[in-house]
Structure formats: structure tokens, C-alpha cells
Amino acid sequence: MNLVAYSSTNPSMINMGKTLFEKIWEDHIVVEKKNNPSLIYIDRHLIHEVTSPQAFDGLRMNNRSVRRPDLTIATMDHNVPTNDRSLPILDQTSAIQIQTLEKNCKDFGIQLFDITSPNQGIVHVIGPQLGITLPGTTIVCGDSHTSTHGAFGTLSFGIGTSEVEHVLASQTLWLDKPKPFEIRVEGKRKNPHAVTAKDIILSIIKNIGTAGGTGTVIEYRGDGISDLSMEQRMTICNMSIEAGARAGLIAPDEKTFDYLRDRQYTPKNYESLVDYWKDHLKTDSDAKFEKNYTLHIDNIAPQVSWGTNPGMTCDVTESVPSPEDFSKGDHNQKKGAEKALEYMDLKPGVLITEIKIDRVFIGSCTNARLEDLIEASKIIKGQKVSPHVRAMVVPGSQMVKKQAEDLGIDKIFIDANFEWRESGCSMCLGMNPDILSPGERCASTSNRNFEGRQGTGGRTHLVSPVMAAAAAIEGRFVDVRKMDLN
Amino acid sequence: MQSFKKVKTVITPLDQVNVDTDQIVPKQFLKLVQKSGFGKFLFYDWRYDDQENLKSDFILNDEKYKNSKILVAGDNFGCGSSREHAVWALQDYGFSVIIAPSFADIFYSNCFKNGLLPIVLEEKIVEKLQRETGIIEIDLENQIIKTSSKEIPFDIDLHKKKILLEGLDDISQTLQYEKKISEFEKQSKTPSVL
């Protein structure tokens, strides 16, 4: 029979290669129906205090239990204070939400890393650090930045509270299959200490737009990705959601396997899993992506956002664009840019390096890992924060904090007049007391520069940790490529 | 979940692209542990000044739109955070339908869990609808938007349509597949966390 040879016009007849995403998807199908969502099994469910209380209420109302507490892990990160942990939480509504999580975890038998635990931290920082995140698995959390875990070759994505309840009850989700999107990052950065993973992902979002990835799962590929450390890869995958994608992932390699070896929750049969992953978890050479985009990074510059979404970003050497130039003829985008410039109190033509700042925030699930703190500390060593700037470092987890303190990095920050805090989401979204005052301008290593995100009336500029550190010293944005970073 | 009924009101035009969930319900209101009462926080920073007075220049504060159940917005509505509070706030305020050229994935999925109907239409049609001042009818059963002068058809996935029309409880449906889920777990290679 040579049926296959004749059916080249019908791709469904050909035994075509598969993308990494498609392999993980197929490995997790519980129920598949034509033209309907598939029931997908969830290997790991991460929980935090903000998006879970209503889900547990739903379980109680319907007299349901948690199907797999052994696949569920909780921590508190979004509204925990980052000052002295021995003090009571002053904000009563925050305190209630935290107590509610404690009660829910106790009632339903879920392991919780609470505010006193050495494992507490931002959920997307602790998952990989503890070896809970594993290649080839599906991971969900009621938080859009769950895409972070994709750096380990997982299919991981944010869900709403109803879906949190659904996963608690059934360990599954009904999902429409997203489309695979290949983003290739090619070339070598000239100064990898100054031009970072943050600058790569901001460049991608600037180019494909904040809805460029809608309906897709991005697989990041190419030399520019395999060169990155695991922590840098997490920064890339973390902001996939800012490009509109449900998830981002990177095929696991030796760096991935080394990172996860001997962590607290690394499985006992790890090496045999690694053998299987090496064989299985890669996109086949003849696989087809629905969309493709390539970024060449040889000459990219440090990035600074000037507007109110992450796509409104430019090189540090450029000036704030006019709405006409930014929108390239799209009248809706032009209106959006006008509104953004008004909110940000910026005029077109102003050089980015002329923009003065009031605050610096080094933190968040995007950029608060050990390597981020080490790189930022190199910039500030022996210097002082500009007298007009208030700067803070919020490590991504208590473990990151301790590792940094063991290396003496806390002292470098404190000597430079940075505040050195306990871990949490903090000023990335300002649910705890760490917020901007109206009109304050912040160089932030977080992921969203939306209106009011860091505090009502606050103005956020997204940058890398080294750019934020340099801005803290100078009181305005500077091109870190001009600084001595070695 | 309540089943979706026909909606017949004026539309509220929100002429903006990239309306993110931080705008729909700002973070300071995410601390509540229940699902109800989020309507008063909808578009909080746009609706109120710093003295908590209604801003006269924001569209939702215009008396004309007081009883509107249909919000018509720009591209990429609901982008950003996964907070389902955004859907709860829109519904609690009184909206039953959101029309836009595109929606962010998580927001779109959250809508169907709560009986809120998101309709995707071409940008040109959305822009025309934003200028429509008369009563509009949304007929989900027949997938038609009726204005005084014309009928605009819209697409929706049949499965999602059924969920809305019948007000189906997702979880009880899923638990009928208990046997399949257990079978899957038996053959799964993934170890448990602890």
C-alpha cells in the first residue's frame, strides 16, 4: 500500500513529527473528543492565598474532597509583608486571607509552606528550587506567571479560580488545544552581563505584541536560548503570558537535569526519569509549528518600558516614541499610546536616559532569583543609591534570601542603602504594604507596567536587575553596557 | 451556574485596547475570600477619583449606560493576570456579555465558568457596534446580535455554547469520568510530590 505517499495533501494522513508541546499534551490526555476540549491530567497543582479561597468554598458547598493532596503544594506569597516576620500582619483583610489558606490546607490535607517556613517564597520560585517542577509534567496554578516552569520543559499555565476548584476535585482540566508557536533566539549577546534574558523577552514582546502569542504555547529554541542558565530561561518563560501566550517552554537539556538533581523533592528514581526525558522531550526535526518568529540578539540593547503594557518598550539608547511612530498606522494602538504617555507623564522625544526615577524594585517571579541578585550586586558594590531614590530588594524565596546572605550579597545591598526584605510578590503587584505612591516612578524588575499595578497612580518601567541597580545608583536610567561589569 | 438568557439592553462602549485585569479589578480588592460583591470595585481607578467620587468623564458613570448589560471593548480584552475576580466584578456590576475583537486566553476561559458570554467579532464590526445607541438583543441560542437595523451573526464553540445555555456544572460532568482518571493515574510515570 502506498496510500501515505499519495496523501501528502492531507497532513492528518502523514505520520508527521511532533513538537515538544504536542508530546506533553498527548501524554496527558484522559478523555479526547472530536471538536471538543480534551480532559487533561494535571501532575502538579500549586496553590496560593489569593486565588484559592473561593475554590475551597466550592468544594465544601458540594461536599467534595481534594483528589490528590499529594500532587498539591501551597504557599503564601501575594500579600505577605516583607518586613519583620515576627510582627503580626496589620492589614486585616490580608491576615484573613492568609489564615483562610492555613485552614483550607489543614482541612484538606495539603502541604503548606507558610510564612515561617524556610521553603516559603513566590510560588514560581520555590517550585523549581524544591524539585517539585519536573520536565514533561503538566503544572497549573491560579496565577498567570505559572508559565515560568516551562523553562524545565513542562507544560505549565495559569488558571482561574473555577479551574483551581476543578483541579482540586478531579486533578484534571478541560482544555482546548493551543497551537504551537516557535520563537527562535539566534546569535550571541556581546555583553551577556549587561544584555540579559529580560532584555531578550522584552524585545520579543516589543516585536510580536502583547497579543502576539494568544491561543498558543511558545517553544523558545536556538543558540540564544540554550546558552542561557536555568534561572535566565525562567525569566524568558515567565513573561510568555505578557506576549499573550498561555505557556512558554524550553526543551530540557543537561543544564535542566543538573539543576533539578538532589533538590528537596527530587524523585528517588530521578536518573531513570532523566534517561526517559532525554529520549522523549524534544521537538522532532520534521514537526510543524503554526507560527514562527526569530529574534537575532547579536546587537540587542538593554530594554526599558515607557508605557503601560510590556509591548511599549524601547532600547535604553532611544527616546520615548510618538504615538504615531509607535502605532504604525493603527488608530487603536495610537490611542492606547497617547493614554499611556499621559499616565506615565512622558513626552515623545525624551531620551530614556533622561528619565529620573524615585523608586527601584528588584524582585518578583521574573527576576528575584540568586543569579539576578548576584548580577545586580556587582553594579552597586561600593556605591550608594542616589539620595532621591528609595530602593528595595525582595528575594524570590526565603531560600534565595539565605543563599544570598551566605554569599554576603545582602551586605552589598544594605551598604549601598538598599532595603533588604523577606520574600514575597511584594511590589510586583502591591497587594502587601509595598506600593508606589501616586506619581512615583519606579525602575522595576517585575513583569507588568499596567496602570496602577504597583500602586494607584504609580509609574512602572520594566527593566532587568542590572538596569534597575544602575538606575538606583544614578537616579535615572543608564546604559549598563557602559559600566564595568566584570 | 445560572443558564444564559437572552439579553436586551443598550451597549456600553469602552473604546480601549488591551484592557487588562488589573484595570478591571485592581489588586487591593483581591483580598476578599468570597465571590460576591466585586461589582463596586469594577474599573475602580477609572471610575473613582482619589476622594472616591465618581469621575464624570468615565463611560460607566454616564447615566445612559446605567442598565446596560453589554460591554463592547477593544482588542485583547482581559489580558494580564489570571484573576477570576475580573469576571466576578463585571458580572456583579451587571454585565452579561462582553464583545471585543479578541480576548486574552485565561479571561476568555474564566467567562464560561461563570455564565458570562464573551463574543469575538471583527474589529470593523465592533467599531460600528460601539456607535450603536439603540437597544440590542443578544440571542445566544441562534448566535445572533440584533440591532434596530440588522442582524449580526457570531461564532461560538458548540461545547461552550451548551455550557452557557444549560448552566452546566463543569466538575460534576468531569467526575463522571472517574474511571478514566483512575486508569490514567495507574499508568502515569510522574511521581507524586511528597
Side-chain angles (χ1 to χ4, degrees), chain A residues 30-31 36-37 39 41 43-44 50-51 53-54 57 62 64 68 70-71 73 79 93-94 96-97 100 111 132 134 137 142-144 158-163 165-166 169-172 174 210-211 214-215 244 246 265 267 269 276 309 332-333 335-336 429-431 438 448 450-453 456, chain B residues 15-18 20-23 26-28 30-35 44-46 50 74-76 79-85 87-88 102-107 109-110 113-114 123 127 157-160 169-175 177-178 180-181 183-185 188-194:
Chain A
V30 178
V31 178
N36 270 304
L39 190 63
Y41 196 79
D43 295 318
R44 302 276 186 266
V50 177
T51 56
Q54 296 88 349
D57 271 355
N62 293 291
R64 288 173 179 143
R68 293 295 300 270
D70 61 324
L71 299 180
I73 284 280
N79 63 46
T93 48
S94 286
I96 289 169
Q97 205 167 52
T100 305
Q111 165 110 349
I132 293 167
L134 294 179
T137 57
D143 187 284
S144 59
I159 56 177
T161 298
S162 297
E163 289 178 318
E165 184 181 339
H166 194 280
S170 71
Q171 205 59 32
T172 62
W174 291 102
T210 51
T214 303
R246 195 79 195 256
Y265 292 96
N269 62 337
Y276 170 68
N309 74 50
N332 284 320
Q333 293 296 339
K335 254 188 330 208
L429 84 166
M431 276 194 76
R448 288 187 179 135
F450 296 154
E451 282 184 32
R453 169 90 175 174
T456 308
Chain B
D15 188 12
Q16 276 183 45
V17 291
N18 296 318
D20 59 72
T21 52
D22 274 75
Q23 301 316 317
K27 75 266 172 199
Q28 63 267 39
L30 304 186
K31 295 177 188 175
L32 301 179
V33 292
Q34 72 278 11
K35 283 187 186 182
Y44 191 84
D45 292 344
W46 291 346
D50 49 13
D75 212 15
N76 200 25
C79 58
S81 150
S82 65
R83 59 188 71 165
E84 200 161 313
H85 311 68
V87 172
W88 301 334
S102 73
F103 292 90
D105 291 337
I106 306 177
F107 177 86
S109 151
N110 285 343
K113 314 291 179 189
N114 295 277
E123 193 164 322
E127 283 173 4
D157 173 283
L158 286 181
H159 175 79
K160 294 193 169 61
D169 172 9
D170 237 9
I171 297 178
S172 56
Q173 300 280 310
T174 306
L175 295 179
Y177 292 99
E178 160 60 36
K180 293 234 173 206
I181 299 172
E183 279 167 15
F184 183 93
E185 285 173 329
S188 169
K189 288 190 181 68
T190 311
S192 68
V193 177
L194 306 172

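So you know, we letter chains A, B, ... as the sequences are listed, proteins then strands, and number each from 1.
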Q: With only heavy atoms counted, which part of F107(B) is less than 4.5 Å from chain A, the side chain, the backbone, both or neither?
A: neither
Q: So, Q54(A) versus W88(B): side-chain donor-acceptor pair below 3.5 Å or not?
A: no
Q: For R64(A) and D169(B), which heavy atoms make the closest approach, and how far apart are they?
A: NH2-OD2, 3.4 Å
Q: Go through the atoms of L134(A) and report whether side chain, backbone, both or neither lie under 4.5 Å from a heavy atom of chain B.
A: side chain
Q: Determine the interplanar angle of the W174(A) and H159(B) rings, folded into 0 to 90°, and report it as parallel if under 30°, tilted if 30 to 60°, perpendicular if over 60°.
A: tilted
Q: Just by distance, with hydrogens left out, do E127(B) and N332(A) show a side-chain donor and acceptor under 3.5 Å apart?
A: yes
Q: In terms of heavy-atom proximity below 4.5 Å to chain A, should Q34(B) be classed as side chain, backbone, both, or neither?
A: backbone
Q: Where on E185(B) is there a heavy atom nearer than 4.5 Å to chain A: the side chain, the backbone, both, or neither?
A: side chain
Q: What is the minimum heavy-atom distance between R68(A) and S192(B), and which atoms define it?
A: NH2-CB, 4.1 Å
Q: Using non-hydrogen atoms only, which part of P191(B) is less than 4.5 Å away from chain A: side chain, backbone, both, or neither?
A: both
Q: Checking heavy atoms, do the side chain of L175(B), its backbone, both or neither come under 4.5 Å from chain A?
A: side chain
Q: Quick one: what part of T174(B) sits under 4.5 Å from any heavy atom of chain A, side chain, backbone, both or neither?
A: both
Q: We want to know whether S109(B) and E163(A) form a side-chain donor-acceptor pair, criterion being a heavy-atom distance below 3.5 angstrom.
A: yes
Q: So what's closer than 4.5 Å to chain B heavy atoms on L429(A): side chain, backbone, both or neither?
A: both
Q: Output yes when R246(A) and D105(B) qualify as a salt bridge under the 4.0 Å nitrogen-oxygen rule, no when they do not.
A: no
Q: Do D75(B) and Q333(A) have side-chain N/O donor and acceptor atoms under 3.5 Å apart?
A: no
